[in-house]
J.: 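Got a structure for you, questions after.
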Amino acid sequence: MKLLSACVAACLALQATAAAISHKFNGFTLIEHPDPEKRALTQNVITWDEHSLFIRGERIMIFSGEFHPFRLPVPSLWLDVFQKVKALGFNCVSFYVDWALLEGKPGEYRADGIFALEPFFEAASEAGIYLLARPGPYINAEASGGGFPGWLQRINGTLRTSAKDYLDATDNYMKNVGATIAKAQITNGGPVILWQPENEYTGACCGAKFPDYEYMQYVIDQARNAGIVIPLINNDASPDGHDVPGQGVGEVNIYGHDSYPLGFDCAHPTTWPEGDLPTDFRTLHLQQSPSTPYSIVEFQGGSYDPWGGLGFEACASLLNHEFESVFYKNDLSFGVTILNLYMIFGGTNWGNLGHPGGYSSYDYGSAITESRNVTREKYSELKLIGNFVKASESYITATPGNLTTGVYTDTTDLTVTPLFGNGSSTSFFVLRHSDYSSQESTSYKLKLPTSAGNLTIPQLGGSLTLNGRDSKIHVTDYDVAGTNVLYSTAEVFTWKKFEDKKVLVVYGGAGEHHEIAISGSTNATVLENESPDISSESKGQYVVIGWDASSTRRIVQVGDLQLFLLDKNTAYNYWVPELPTDSTSPGLSTQEKTASSIIVKAGYLVRTAYLKDNGLYLTADFNATTPIEIIGAPSTAKSLYINGKEVNHSIDKNGIWSTTVEYPEPAIKLPNLKDLEWKYIDTLPEIQSSYDDSAWVTANNKTRTNLRTPTSLYSSDYGFHTGYLLYRGHIVATGSEAQFSIETQGGYAFGSSVWLNSTYIGSWTGVDKYSNYNSTYKLPNLSRGQEYVFTVLVDNMGLDEDWTVGSDEMKYPRGILSYDLQGNNASNFTWKLTGNLGGEDYQDKVRGPLNEGGLYAERQGFHQPYPPSQSWESSSPFTGLTKPGVAFYAASFDLDIPSGWDVPLYFTFGNSTYPPPAYRVQLYVNGYQFGKYVNNVGPQTSFHVPEGILNYRGTNWVALSLWAQESDGAKLDSFELEFKTPVLTALEGVQSVEQPRYTERDGAY
């Protein structure tokens, strides 16, 4: 990538001087030089300096959130998430690609249907969102195997090294995924602007060569050979010096790192441990990569939650709006200009795609919930920060100063980090408690350098206050379209220049006292809600306004500037949709707009705005009756349309348009799942004496080293990498057998059960912290010379991940590690095993290689819609089993959710018995596995299934496997389909994904 790096000035000069031809493509613009030989240098060129990226010549901060399309397998919902990210003021999304889902069999790459990336790119373009591509090959991501397909367990060489068999194994995937992403690069009119080779290549153990520059170069070459020309970024900058640009081999263009400062202890959501706020990031950046933009490629946006955890609401409480205010503004104090939050939307570990350290939900406690809801306060707080950065162009080049106490305030209880204008007079002062976890309210005065001299603030009396876990960014000499804001103690949300005025929106905490000073003016006029607690005073060169923040909005006029003075909770309701003149191109950059954005006060969500003819069009969502105000409506607009319908509006003396959107509570009628016509089939026929396992795979692999069994019983050695695993061990008894010991491994919270012929002999019911377990079972008397079969069922919770090069934890096997039959020899066993039908030759190409496990009903395809259940027994999961075993239930129901409503639906399990009995349930909805419920481990009891998997206006099939692990069996106390607050939505065109029906499978056993 040296070409781009070396010709920054040349490319920009060409852009400035060329008679460029431009055209719009999916919301972005191609710039074409009339000289074909120079066109390659000017088409959507991305360059950078030590401050930031330039995209098409425009200096830009990348504010991004992580979103994995494979965790929301409904492509028509991707635009919804992108628009919610865009509404935060963000301009980018980072995404992983899960190799395990695309190459379930070596050499067979499939990326179609729900796994196709092209619709993801199209949705990003429509929303005006750039993309950072992170396809691995290793992604970590709390995904099974860290994104590695299970067949890599058979690779002898160390993963993520220069071992030839490993590199050869990656070639097909990287060639194909690279070619697909290359077509969506910004150079081809698409949204992809950055590529990350590898992932978290940060540490090593166990003798692995590290850093291995040749290995990194191989991964880079794979991308370049596939057509990737955009800049390369990493997330592994570390102080050992291996990342410093100039190494040559293995060098990327832009160096960044990750940071999860509060860790993942959701069990203590109010605890901020001492010393966890980063303070040295600026110093490290200058040591590691001073010539590239400061980049944090993953910064904590939430937390994973393990089996047995407290649930994601606890994670959302730990990483809440206070965390965002303190930690994200702290990141800004270091001058970060590429900032990606992991996650912005988590989604779901459907279809066994998750790792064993987490359950089906991947909500992550992120700003956008698993059901795509945006009611968490952290979403609103993030919107304030995102829009501030977007409106503050001078921040991008500001130079961070040293962290200080007692310099810019009158108390050492507060810490201030300045960022001084570099090519701009604007400075920023990031203020927080010196004890970053303090929940005290601290009064203070500011001592700030300004163009009017050093000032002690507030000047009109009173004091400022920092309340608890909060942080503020105070500004001086802040430019608002030519008007100088000498200082503001209230924080800037946004500003806009309209046809006849400028508007600056600032906010503070409720009850806080604030001041703002405007240069070049001598008076201020209150236009709305004058009260005794608002005052102004001329200081000759500037005018000062003081007020106490409250829920009552004040509008103050100073020259041609209108100040909107809000409290934070009111500011949460403000939105800044971009307003291009062409309604088909909502993603145009700042330079391309011929009309300004507008400012909208609304409620739940404002998605987009555009002008068409004489109409101003808003698309927005509502979860309550909502007053709407529009600030800065263009003079050409005469009528107002919300979600395509014209609405009446009024215009007040300040030119603000007003209307109200009514929220008519919809009638949502859901079926009672207990009343469905459930059909039942035994899905453990393997324990019957008549069962024939001749079609099963024989466990005869003896090539493994360090085995504790005569032949390998590792499932991945035989192509079974996902879901439930079944083993049948055949043995001729000596008659002296008394007990059977077996060590099984399935990952955290796994379970296993063992039968001798049809006699149940015991289970390991699982706990959250055990990934393997050695169980010993007492046996009934065995008859000498008679053949017996031990049937072992193991729950595979996913393959391990580990970012440490050399540990190869992904190769930790699943299945049986060892066994011992007292009174007989282990070598006398003949073992057969199965998992999903076909293993790597998986049957369901639509739902992918991980969706099915090895239960009889899964192998037959009975979990798919319209199974052949007419001959099955009528029984329900509410009746359940009276003895250990595995039952399979299927039923259908119809939904008729009103159009125009986004209604989050959940399947919820309940059990009132304590201690909770040990049983496991898999939830299938229209053939997609959308829940693994472990009753005795938890914590997840409610499983969100999105529209598109559920047919909101049509027939649905639900299937459950119920694995009873205790002697008295198991049943469901309750199992309900529930909804949460419906959202009146502008979202349109949600399409059900492909849902292949049951058909008889060739070779099914």
Side-chain angles (χ1 to χ4, degrees), residues 88-89 320-326 328-329 374-388 391 431-432 439-444 446 457-458 460-475 478 485 487-496 503-517 524 526-536 544-558 561-576 599-604 606 624 626-629 631 654 656 658:
L88 290 168
N320 63 1
H321 61 287
E322 295 173 326
F323 167 82
E324 291 178 329
S325 180
V326 173
Y328 297 167
K329 291 172 186 174
V374 293
T375 54
R376 284 177 178 158
E377 188 172 354
K378 62 184 296 181
Y379 180 89
S380 297
E381 179 72 34
L382 194 53
K383 181 176 59 167
L384 300 184
I385 299 172
N387 279 281
F388 162 71
L431 177 143
R432 61 168 172 85
Q439 300 188 53
E440 298 295 321
S441 291
T442 302
S443 296
Y444 66 100
L446 285 170
I457 304 165
L460 304 185
S463 61
L464 309 175
T465 308
L466 184 67
N467 291 303
R469 291 174 173 175
D470 195 7
S471 177
K472 298 183 185 299
I473 300 180
H474 301 305
V475 299
Y478 185 85
V485 177
Y487 65 82
S488 177
T489 68
E491 294 190 86
V492 172
F493 170 56
T494 193
W495 65 266
K496 294 296 169 188
V503 169
L504 171 65
V505 182
V506 297
Y507 65 92
E512 292 177 354
H513 183 68
H514 284 286
E515 276 190 2
I516 190 168
V526 178
L527 302 180
E528 182 178 279
N529 290 319
E530 185 170 4
S531 63
D533 67 345
I534 184 168
S535 60
S536 66
V544 180
I545 300 101
W547 76 98
D548 295 332
S550 76
S551 59
T552 300
R553 179 179 70 190
R554 289 79 178 274
I555 303 177
V556 178
Q557 183 87 29
V558 181
L561 176 66
Q562 286 185 358
L563 302 172
F564 280 62
L565 312 179
L566 313 177
D567 73 345
K568 180 178 283 191
N569 284 343
T570 302
Y572 285 164
N573 290 321
Y574 281 67
W575 306 84
V576 195
I599 301 172
V600 179
K601 181 185 178 185
Y604 181 78
V606 175
T626 305
I628 306 291
E629 293 185 334
I631 303 160
N654 297 312
I656 298 174
S658 296

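Computed from heavy atoms alone, side chains included, the values below leave out hydrogens, waters and symmetry copies. Remember, predicted model here, so these are calculated numbers, not experimental data.
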J.: So, taking the atom named CD1 in Ile516 and the one named CG in Leu504, what distance separates them when rounded to the nearest 0.5 Å?
T.: 5.0 Å

J.: Could you report the tightest heavy-atom contact between Ala571 and Leu566, atom names first, then the distance?
T.: CA-CD1, 3.9 Å

J.: Step by step, would you call Leu565 with Tyr507 a side-chain contact (heavy atoms from CB on, under 4.5 Å)?
T.: CA-CA 6 Å; Leu565 312 179; Tyr507 65 92; over 6 Å; no

J.: Establish, from distance only, whether the side-chain atoms of Ser531 and Asp533 form a donor-acceptor pair under 3.5 Å.
T.: yes

J.: Kindly write out the residues that satisfy side chain to side chain donor-acceptor pair (under 3.5 Å) with Asp548, not counting sequence neighbours, or none if the list is empty.
T.: His513

J.: Within a strict 4.5 Å, meaning less than it, do heavy atoms of the Glu377 and Tyr572 side chains meet?
T.: yes

J.: Working to the nearest 0.5 angstrom, can you tell me the gap between Asn387 CG and Trp495 CH2?
T.: 13.0 Å

J.: Measure the CD1-CG distance between Ile473 and Leu384 for me, rounded to the nearest 0.5 Å.
T.: 11.0 Å

J.: For Leu460 and Gly546, work out which heavy atoms get closest and say how close.
T.: CD1-N, 3.9 Å

J.: Could you tell me which residues satisfy side-chain contact (heavy atoms from CB on, under 4.5 Å) with Val374, sequence neighbours excluded, listed by chain and number?
T.: Lys84, Ile368, Tyr379, Tyr604

J.: Tell me whether the guanidinium CZ or amine NZ of Lys601 lies under 6.0 angstrom from the six-membered ring centre of Trp575 and within 45° of its axis.
T.: no

J.: Can you name the closest pair of heavy atoms from Thr465 and Ser443 and give their distance?
T.: OG1-OG, 4.2 Å

J.: For Thr552, enumerate each residue passing the side-chain contact (heavy atoms from CB on, under 4.5 Å) test, keeping only those at least two apart in sequence or located in another chain.
T.: Asn529, Ser550, Arg554

J.: So, taking the atom named CG in Asn573 and the one named CD1 in Ile628, what distance separates them when rounded to the nearest 0.5 Å?
T.: 9.5 Å

J.: I need the minimum non-hydrogen distance between Thr570 and Tyr574, along with the two atoms involved.
T.: O-CD1, 3.3 Å

J.: Atom CD of Glu515 and atom CD1 of Ile545: how far apart are they, to the nearest 0.5 Å?
T.: 9.0 Å

J.: What pair of heavy atoms forms the shortest contact from Tyr444 to Lys472, and how long is it?
T.: OH-CD, 3.8 Å

J.: Hey, mind stepping through Phe388 and Thr494 against side-chain contact (heavy atoms from CB on, under 4.5 Å) and telling me if it holds?
T.: CA-CA 6 Å; Phe388 162 71; Thr494 193; over 6 Å; no

J.: Set out, in order, the CA-CA distance, both residues' side-chain angles and the distance that settles salt bridge (charged side-chain N to carboxylate O under 4.0 Å, His left out) for Glu491 and Lys329, then state yes or no.
T.: CA-CA 12 Å; Glu491 294 190 86; Lys329 291 172 186 174; 2.9 Å; yes

J.: Show me the pairs that pass salt bridge (charged side-chain N to carboxylate O under 4.0 Å, His left out) and involve residues 561-572, at least two apart or across chains.
T.: Glu381-Lys568, Asp470-Lys568

J.: Give me the atom names and distance for the closest heavy-atom approach of Ala549 to Gly508.
T.: CB-O, 3.8 Å

J.: Excluding sequence neighbours, so at least two apart, what forms side chain to side chain donor-acceptor pair (under 3.5 Å) with Tyr328?
T.: none

J.: Asn467 and Glu512: side-chain donor and acceptor closer than 3.5 Å?
T.: yes

J.: Under the side-chain contact (heavy atoms from CB on, under 4.5 Å) rule, what do Val526 and Ile534 come out as? Steps first, then yes or no, please.
T.: CA-CA 9 Å; Val526 178; Ile534 184 168; 4.2 Å; yes

J.: In sequence, state the C-alpha distance, the side-chain angles, and the governing distance for Val556 and Leu527, and then conclude on side-chain contact (heavy atoms from CB on, under 4.5 Å).
T.: CA-CA 5 Å; Val556 178; Leu527 302 180; over 6 Å; no

J.: Are the side chain of His514 and the backbone N or O of Ala490 linked by a donor-acceptor pair below 3.5 Å?
T.: yes

J.: What is the distance from atom OG of Ser471 to atom CD of Glu322, rounded to the nearest 0.5 Å?
T.: 12.0 Å

J.: Between His474 and Thr489, is there a side-chain donor-acceptor contact under 3.5 Å, judged purely by atom types and distance?
T.: no

J.: Please list, chain by chain and in numerical order, all residues satisfying side chain to side chain donor-acceptor pair (under 3.5 Å) with Glu629, sequence neighbours excluded.
T.: Arg553

J.: Taking the side chain as C-beta and beyond, is there a heavy-atom pair between Val505 and Ile631 under 4.5 Å?
T.: no

